[in-house]
Amino acid sequence: MQALTNRALPVDRKPMSFWEKLYLPAVFKGMMITFSHIFKKKPTINYPEKQRPFSPVFRGLHILNRDAEGRENCTACGLCAVACPAEAITMEAAERLPGEENLYKEEKYAAKYEINMLRCIFCGLCEEACPKDAIYLSETFTPADYQRKQFIYNKNELLIPHPKENPEAYAKALGNRAAKGSVNA
Amino acid sequence: MNITTLLFIILSVVAAFAGIMMITSKNPVHSILWLIVVFFAISGHYIMLNAQFLAIVNIIVYAGAIMVLFLFVVMLMNLNADTEPVKNYRLRLIGVISGGSLLLVLLAALMDIDKQQLVQMNVGDAGLIKELGKNLFTNYVLPFEISSVLFLSAMIGAVIIGKKQ
Amino acid sequence: MFLSIDTALIIEKLILIVVVVSISLVVAMYTTFAERKVAAVIQDRRGPNRAGPFGLLQPLADGLKLFFKEEIIPNFSSKFLFILGPALAMLTAVMTSAVIPWGDKLHLFGRDISLQIADVNIGILYVFGVVSLGVYGIMIGAWASNNKYSLLGGLRAASQIISYELAMGISLISLLMVTGSLSLKEMVVQQQTGLWNIIYQPLGFLIFLICSFAECNRTPFDLPEAENELIGGYHTEYSSMKLGFYLFSEYINMFVSSVIMATLFFGGYDMPFVNEANLSTNVAAIVGVVALMMKVVFFLFLFMWVRWTIPRFRYDQLMHLGWRILIPLALFNMLVTGAVILFLDR
């Protein structure tokens, strides 16, 4: 049989010499290897005190975006639900009534918007599909819970805090997304 | 009654009780555990006779090695109370007769004893390692060597039996 | 004769017993912590560092957790023996410390207090006897669990300890031929004035070291509690503090065998290059205890170091090593020692 590469080494089946049969030198060599590891730098990070920076492409929990005046971006067009390979998104559309202009950016909005976090695979296709920059994936993990129904996130849980009423929480939820330059406020 | 006598009585009662329990226990594992208690009581007696070496060797060899092997075999064969074979009437009769005659011989030997000197406590050094070694290699050198040859032959026999399979 | 011992001596010995037992318990506690730390640094991790500063309260947290765990006794087990098992394991582990000379004598309240609970003239044989009984805790617990994995673990423990006890005993005999005494105190005094026994008995020490690894059921000889083959071996059915007793007794055994090795081969409480005669009694005693503890810490580290380096033996390899390598080697060592002693005496 032709070898694929020339890296394969033939197995050495020579009988062991007396020195090898003693095993003690080999044991000692192994112990020296483990001993040298005591002085190696530990790659562990003490998690809650120190946190590893997220990669710029990290995809965590979804956030429904608002614009700078605090109006919801989502128009309930359903493109995200269509794009979702896991079919985790459901929504119901409603028409904006007069006097609600400060709540919703366009004349149609999502009355109900749910994401099942147990189905979601965090692929980010909803973010790519959205024409209004209404949904994006943040840098938070899905928190653990005791019940499955808690993982179906409704609109209130997904919406970003109001930028006027609660600017600190808004900035925090925005994260380094502003730095990424993809936000059209 | 001084404390030595008290200790002697306690140890003797423990030894006798554990011996009876060892014979009457249905479960072989319990029998072995009772036998270990007997060995400990006997080692206590050795210590009271100022024979610490014998006491500790008794524990190392009998309680520490032989009984472990017994326990090992019993556990390995998974002997339980219900696997004990039912002995027939004749076997029991023979057992009673042989045990009874041993008891008679021991009682007869007890009759002969000098009643003034029942037990010697804490005197004599025959059980200490130095005296024991000297005795073994001077007065009792022939029996000692013969028994070592016996053990050697037993060892070789075990090896041969093991090799055959 | 027992009543003639004066009360002060009884009190002194009682205090010493309490101190020694609690020290061995505390050391065993912190050995569990050290084990986790050593394992961590060898594997490039950090180890427990949450409970208290540097994780120093971790053993307390572990113990507390074990106490509050649910206690489970299997239905089809002999309940008395099931409880007796861990108790015996713990008892035999602690009992060994009675004959160990922890240091020279202290001079307090006008009395010379020997830092040894009992200087019996058969000290090393006592240790050997108690160690040989240590397997009962494992075997009784294993049998009483009424579980096939426990039983297999118990059987492995029994055959392993018996096999390695032989080689250990024979290697001890050659040491005893050199020292000519069974008393541990006497051995330390000899090593204080002369050379350490490791110089006379390097091969004997190696055999003793390997056998004590096997007697403590430590890797690479931890077959009785092989996690992946026997689901924990003899303590499969144990939970709560009874499991804690088993685990704890292993660490006490490690501590005690480290002390024994230090005492037999490395001069016990003898601090090298320090002439104890020049110091006052109390200072010399404290220096001695510190020296002994330093040696013990080294051996404990060795135990852990080996555990995180060498994988477990296969069972036939274990038996091969014990019966066909260590015992002949120990016999050879005994023969050579005897010949050399005979030659030098003449």
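Below, chain A is the first sequence line, B the second, and so on; all start at residue 1.
Residue contact with chain A, scored on non-hydrogen atoms closer than 4.5 Å, involves the side chain of C:Leu302 exclusively. No part of A:Phe39 comes within reach of chain C, as not one of its non-hydrogen atoms sits under 4.5 angstrom from that chain. Interface residue C:Ile310: only side-chain heavy atoms are found under 4.5 Å from chain A. Using a 4.5 Å cut-off between heavy atoms, C:Val38 makes no contact with chain A at all. In this structure, no portion of A:Ile33 lies under 4.5 Å from any heavy atom of chain C. Heavy atoms closer than 4.5 Å to chain A are found in the side chain of C:Leu206, but not in its backbone.
Among C:Phe221, C:Phe255, C:Phe213, the one residue that satisfies the ring-ring contact (aromatic ring centres under 6.0 Å, His included) test with C:Phe303 is C:Phe213.
Enclosure of atom CZ in A:Phe28 is not indicated, since only 12 or fewer non-hydrogen atoms of other residues, nucleotides or ligands lie within 6.0 angstrom. Annotation for A:Leu24: atom CG counts as buried by contact number, over 12 foreign heavy atoms lying within 6.0 Å.
Using a 30° and 60° split on the angle between ring planes, C:Trp196 and C:Phe266 fall in the perpendicular class, above 60°.
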Check chain C and chain A for donor-acceptor pairs under 3.5 Å and report each one on its own line.
from: C:Val41; atom 1: O; to: A:Lys42; atom 2: NZ; distance (Å): 3.4
from: C:Asp44; atom 1: OD1; to: A:His37; atom 2: ND1; distance (Å): 3.2
from: C:Asp44; atom 1: OD2; to: A:His37; atom 2: ND1; distance (Å): 3.2
from: C:Arg46; atom 1: NE; to: A:Thr44; atom 2: O; distance (Å): 3.4
from: C:Arg46; atom 1: NH2; to: A:Thr44; atom 2: O; distance (Å): 3.1
from: C:Asn49; atom 1: ND2; to: A:Asn46; atom 2: OD1; distance (Å): 3.4
from: C:Arg50; atom 1: NH1; to: A:Glu49; atom 2: OE2; distance (Å): 2.8
from: C:Arg50; atom 1: NH2; to: A:Glu49; atom 2: OE1; distance (Å): 3.3
from: C:Trp305; atom 1: NE1; to: A:Met31; atom 2: O; distance (Å): 2.9
from: C:Trp305; atom 1: NE1; to: A:Thr34; atom 2: OG1; distance (Å): 3.2
from: C:Thr309; atom 1: OG1; to: A:Thr34; atom 2: OG1; distance (Å): 2.8

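Taking both residues in full, the closest heavy atoms of C:Pro220 and C:Pro311 are given as CB-O, 3.3 Å, listed atom of the first, atom of the second, then distance.
Residues A:Pro143 and A:Leu61 have side chains in contact (heavy-atom distance under 4.5 Å, counting atoms from C-beta outward).
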